[in-house]
Amino acid sequence: MQVRSDWTLAEVQQLFAQPFMDLLFTAQQVHRRFHTPNTMQVSTLLSIKTGACPEDCAYCPQSIRYETGLESEELLELDAVVERASAAKRAGATRFCMGAAYRSPKPKDLRKVIAMIRAVKQLGLETCATLGMVSGEQARELAAAGLDYYNHNLDTSADYYKKIITTRTYQDRLDTLQAVREAGMSVCCGGIIGMGEQAEDRAELLHTLATLPVHPESVPINQLVRVPGTPLNNAPPLDPFDFVRTIAVARILMPRAHVRLSAGRGEMSDELQALCFLAGANSIFYGEKLLTTGNPDTASDRALFDRLRIVAEPPASAQSGASAQSSAAAQPPAAAQPLAAAAVLSIAKHGAAMG
Ligand code: SAM
Ligand code: DTB
Ligand code: SF4
């Protein structure tokens, strides 16, 4: 089975139009050809600079334009970040994602973030950062510091985007993605579902992602977290099956990518999350907080993993060959290398380290 970057929009729409069970069946088949089933990539997020953001993203509690009651915080000190990253590692995360409420990082701040990246990397964690727009030069500096992933979302279709953000363009986002790719980092790029967009917009978002010259290695699918004070607080309710469909179509279009069931899990039942995993989601954010909003607590995630017999995936460096993902298509799913979920995700209790 080939990985394609030449999907047509009509093909993507046809996938969305399939009966739910057929779509999930196909997605699960694709999933098993490219990934070890029943394993989950586990990332922890930390907001390293919170609020007072000049951008006007209509979903975001961190924009200075909306009264959300959020307390702003300056860029954290290095020690505080290392402490949080160590705790995330002890709790079982293999990747640590640092998020900053910037339009784009200023040189002084970038230097400090680079020190954080180096330190987190030294702990043996994969590193990810989301700092807004970056130039080619900034991307190269981040890559040289050892940044593995850069997260920058397209959020929605190019058309609907104009209703959500006016302070930077869709093309600005594509330019940042290109800079990240050219600097040699892995791309983490996805979107938000439930902002009042139409099915057409979801198809266009996934079509754009799946026709990038190289697919993102990581595709976060966020369900909008409605935050009082933001313009999208009253966004119309989303049919959960449409959310699951979006994950399934992402899985089929970008078979090698890790599709992350990202924001919104706090409002999902265990059963809905399991459906998302069946549709091909194989990555989550683990830890009580996303950036500023809540996420399921670690105990309930450990319990969910145990109930579903899901185990944590080791970092790419620990898998047989860094290209484990790309070679998986030619092989049957590898024997489960990961530690048992109970062992991995209950480390907080026992104090051992994973990864
Ligand atoms: N400021 C940087 C930027 O926007 O590029 C990085 C941080 S920003 C908070 C990262 C991503 O979080 C956004 O692109 C958006 O996809 C997601 N996000 C923010 N608020 C959200 C919300 N209320 N619900 C779901 N996802 C959200
Ligand atoms: C992504 O796609 N989702 C994460 C991460 N990338 C940076 C952020 C979700 C934020 C949800 C709202 C908040 O906690 O502030
Ligand atoms: Fe700022 Fe990022 Fe929030 Fe937009 S999503 S307002 S750029 S922190």
Side-chain angles (χ1 to χ4, degrees), residues 43-66 68-73 75 95-106 109 113 128-134 138 149-156 160-161 164-170 172-177 179-180 187-197 205 209 216 218-235 238 243 250 257-268 281 283-296:
S43 296
T44 291
L45 253 183
L46 175 67
S47 180
I48 57 170
K49 187 270 174 190
T50 306
C53 182
E55 302 296 279
D56 69 352
C57 313
Y59 47 74
C60 188
Q62 303 201 63
S63 167
I64 199 158
R65 296 160 196 243
Y66 316 130
T68 62
L70 180 73
E71 253 183 60
S72 303
E73 254 186 277
L75 189 60
R95 189 177 307 159
F96 193 66
C97 307
M98 292 161 272
Y102 295 139
R103 170 176 167 80
S104 60
K106 306 232 162 23
D109 294 330
V113 174
C128 176
T130 179
L131 316 167
M133 290 187 285
V134 288
Q138 289 176 316
Y149 289 78
Y150 194 82
N151 166 246
H152 198 62
N153 290 337
L154 288 177
D155 281 345
T156 185
Y160 198 64
Y161 180 93
I164 302 294
I165 298 145
T166 68
T167 48
R168 66 159 88 108
T169 67
Y170 212 68
D172 288 335
R173 289 190 184 249
L174 291 166
D175 291 347
T176 288
L177 294 175
V180 170
V187 171
C188 174
C189 182
I192 308 179
I193 309 303
M195 300 194 290
E197 76 285 347
L205 166 67
L209 292 171
S218 169
V219 179
I221 305 293
N222 297 276
Q223 177 178 280
L224 174 71
V225 180
R226 291 188 184 79
V227 181
T230 61
L232 289 181
N233 186 38
N234 295 316
L238 171 71
F243 184 79
H258 275 71
V259 176
R260 182 175 301 135
L261 172 54
S262 198
R265 287 199 303 122
E267 288 156 37
M268 293 179 195
S283 172
I284 58 161
F285 281 126
Y286 175 66
E288 274 88 15
K289 215 171 178 194
L290 291 165
L291 289 172
T292 66
T293 66
N295 198 40

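Both ligands and their constituent atoms are indexed starting at 1 by order of listing.
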Peer 1: Apply the test side chain to side chain contact (heavy atoms under 4.5 Å, CB included) to residues S262 and I221: give CA-CA distance (whole Å), side-chain angles for both, the deciding distance (0.1 Å), then the verdict.
Peer 2: CA-CA 5 Å; S262 198; I221 305 293; 5.7 Å; no
Peer 1: Give me the residue, atom name and distance of the protein heavy atom closest to atom 15 (O) of ligand 2.
Peer 2: T292 OG1, 2.6 Å
Peer 1: Please say whether P61 places an N or O atom under 3.5 Å from an N or O atom belonging to ligand 2.
Peer 2: no
Peer 1: Is C60 in polar range of ligand 1, meaning some N or O pair under 3.5 Å apart?
Peer 2: no
Peer 1: Should the pair R168-E55 be classified as a salt bridge under the 4.0 Å nitrogen-to-oxygen rule?
Peer 2: yes
Peer 1: Quick one: look up the protein heavy atom nearest atom 4 (C) of ligand 2 and list residue, atom name and how far away it is.
Peer 2: F285 CE1, 3.6 Å
Peer 1: What's the shortest distance from atom 11 (C) of ligand 1 to any protein heavy atom, and which residue and atom give it?
Peer 2: N153 ND2, 3.8 Å
Peer 1: Of the side chain and backbone of N151, name the one, both, or neither that has a heavy atom under 4.0 Å from an atom of ligand 2.
Peer 2: side chain
Peer 1: Just go through K49, E55, R168 and tell me whose heavy atom is the nearest to atom 4 (O) of ligand 1.
Peer 2: R168
Peer 1: So, Y161 side chain and T166 main chain: donor-acceptor pair closer than 3.5 Å or not?
Peer 2: no
Peer 1: Can you tell me which residue and heavy atom of the protein come closest to atom 24 (N) of ligand 1, and the distance to 0.1 Å?
Peer 2: V225 N, 3.0 Å
Peer 1: Numbering the atoms of ligand 3 from 1, which are under 4.0 Å from a heavy atom of Y59?
Peer 2: 5 (S)
Peer 1: Look at ligand 2 and say whether T130 reaches it with a heavy atom at a distance under 4.0 Å.
Peer 2: yes
Peer 1: Using a 4.0 Å cutoff against the non-hydrogen atoms of D155, which atoms of ligand 1 qualify?
Peer 2: 14 (O), 15 (C), 16 (O)
Peer 1: Do you know which two heavy atoms are closest between P216 and A257, and how far apart they sit?
Peer 2: O-CB, 3.4 Å
Peer 1: Roughly how far, to the nearest 0.5 Å, is the SG atom of C188 from the CG atom of L177?
Peer 2: 10.0 Å
Peer 1: Taking the side chain from S104 and the backbone from V134, do they hold a donor-acceptor pair closer than 3.5 Å?
Peer 2: no
Peer 1: Can you check whether N151's main-chain N or O pairs, donor with acceptor, with T130's side chain at less than 3.5 Å?
Peer 2: yes
Peer 1: Has the side chain of N222 got a donor or acceptor atom that lies under 3.5 Å from a matching backbone atom of A263?
Peer 2: yes
Peer 1: Got the closest protein heavy atom to atom 12 (C) of ligand 2, with its distance?
Peer 2: T293 OG1, 3.6 Å
Peer 1: What protein heavy atom sits nearest atom 3 (N) of ligand 2, and how far away is it?
Peer 2: N222 OD1, 2.9 Å
Peer 1: Just which atoms of ligand 2 are under 4.0 Å from any heavy atom in S262?
Peer 2: 1 (C), 2 (O), 3 (N)
Peer 1: To the nearest 0.5 Å, how far apart are CG in L224 and CD1 in I193?
Peer 2: 10.0 Å
Peer 1: Within the side chain of Q62, is there an N or O that forms a donor-acceptor pair under 3.5 Å with the backbone of C60?
Peer 2: no
Peer 1: Ignoring hydrogens, tell whether any protein atom lies closer than 4.0 Å to atom 1 (N) of ligand 1; use the non-hydrogen atoms only.
Peer 2: yes
Peer 1: Answer yes or no on whether R265 is positioned over the face of F285, meaning its NZ or CZ is under 6.0 Å from the six-membered ring centre and within 45° of the axis.
Peer 2: no
Peer 1: So which heavy atom in the protein is nearest atom 10 (C) of ligand 2, and how far is it from that ligand atom?
Peer 2: L291 CD1, 4.1 Å
Peer 1: I need the atoms of ligand 1 closer than 4.0 Å to a non-hydrogen atom of Q223, numbered in the order shown.
Peer 2: 25 (C)
Peer 1: Keeping R173 on the side-chain end and N153 on the backbone end, is there a donor-acceptor pair under 3.5 Å?
Peer 2: yes
Peer 1: Side chain of T230, backbone of V227: donor and acceptor closer than 3.5 Å?
Peer 2: yes
Peer 1: If we ignore angles and hydrogens, is there a donor and acceptor under 3.5 Å between the side chains of R226 and Y59?
Peer 2: no
Peer 1: Check for a donor-acceptor pair, side chain of K289 on one end and backbone N or O of G294 on the other, with a separation under 3.5 Å.
Peer 2: no
Peer 1: Between A100 and ligand 1, is there a nitrogen or oxygen pair with a distance under 3.5 Å?
Peer 2: yes
Peer 1: Got a donor-acceptor contact below 3.5 angstrom from the Q138 side chain to the P105 backbone?
Peer 2: yes
Peer 1: With backbone taken as N, CA, C and O and side chain as the heavy atoms from C-beta onward, which portion of K49 lies under 4.0 Å from ligand 3: side chain, backbone, both, or neither?
Peer 2: neither
Peer 1: Give a yes-or-no answer on whether the side chains of T167 and R103 include a donor-acceptor pair shorter than 3.5 Å.
Peer 2: no
Peer 1: Checking R95 side chain against T44 main chain: does a donor-acceptor pair fall under 3.5 Å?
Peer 2: no
Peer 1: Just how far is it from atom OG1 of T68 to atom CD1 of I64, taken to the nearest 0.5 Å?
Peer 2: 10.5 Å
Peer 1: Around atom 9 (C) of ligand 1, find the nearest protein heavy atom and jot down its residue, atom name and distance.
Peer 2: L291 CD1, 3.4 Å
Peer 1: Would you say Y102 and ligand 1 have an N/O pair spaced under 3.5 Å apart?
Peer 2: yes
Peer 1: Judging by distance only, is a nitrogen or oxygen of N151 under 3.5 angstrom from one on ligand 1?
Peer 2: no
Peer 1: Classify the contact between T230 and ligand 1 as side chain, backbone, both or neither, using a heavy-atom distance cut-off of under 4.0 Å.
Peer 2: neither
Peer 1: Does an N or O anywhere in Q62 fall below 3.5 Å from an N or O of ligand 1?
Peer 2: no
Peer 1: For atom 5 (O) of ligand 1, what's the nearest protein heavy atom and its distance?
Peer 2: G132 CA, 3.4 Å
Peer 1: Run through the protein N/O/S atoms less than 2.8 Å from atom 4 (Fe) of ligand 3 and write them out by chain and number.
Peer 2: C57 SG
Peer 1: Do any nitrogen or oxygen atoms of R173 lie less than 3.5 angstrom from nitrogen or oxygen atoms of ligand 1?
Peer 2: no
Peer 1: Closer than 4.0 Å to some heavy atom of P220 - which atoms of ligand 2 meet that?
Peer 2: 2 (O)
Peer 1: Show the nearest heavy-atom pair for residues D155 and M195, with the distance to one decimal.
Peer 2: O-CE, 4.0 Å
Peer 1: Output, in order, the C-alpha distance, side-chain angles, deciding distance and verdict of side chain to side chain contact (heavy atoms under 4.5 Å, CB included) for E288 and N295.
Peer 2: CA-CA 5 Å; E288 274 88 15; N295 198 40; 5.8 Å; no
Peer 1: Under 4.0 Å from atom 2 (Fe) of ligand 3, is there any protein heavy atom?
Peer 2: no
Peer 1: Classify the side-chain pair D56/S63 by whether it contains a donor and acceptor separated by less than 3.5 Å.
Peer 2: no
Peer 1: Starting from atom 13 (C) of ligand 1, what is the nearest protein heavy atom, named by residue and atom, and what distance separates them?
Peer 2: Y59 OH, 3.7 Å
Peer 1: Looking only at protein heavy atoms, which one is nearest to atom 17 (C) of ligand 1, and what is the separation?
Peer 2: I192 CD1, 4.2 Å
Peer 1: Just to confirm my output: which protein heavy-atom neighbour is closest to atom 6 (C) of ligand 1, and how far is it?
Peer 2: T130 OG1, 3.1 Å
Peer 1: Report, in ascending order of atom number, the atoms of ligand 3 lying under 4.0 Å from any heavy atom of R168.
Peer 2: 7 (S)
Peer 1: Please state which part of N153 comes within less than 4.0 Å of ligand 2, counting heavy atoms only: side chain, backbone, both or neither.
Peer 2: side chain
Peer 1: Nearest heavy-atom pair of S43 and R260: which atoms, and what distance?
Peer 2: OG-NH2, 3.3 Å
Peer 1: Pull out every atom of ligand 1 sitting under 4.0 Å from any heavy atom of H152, numbered as shown with elements.
Peer 2: 5 (O)
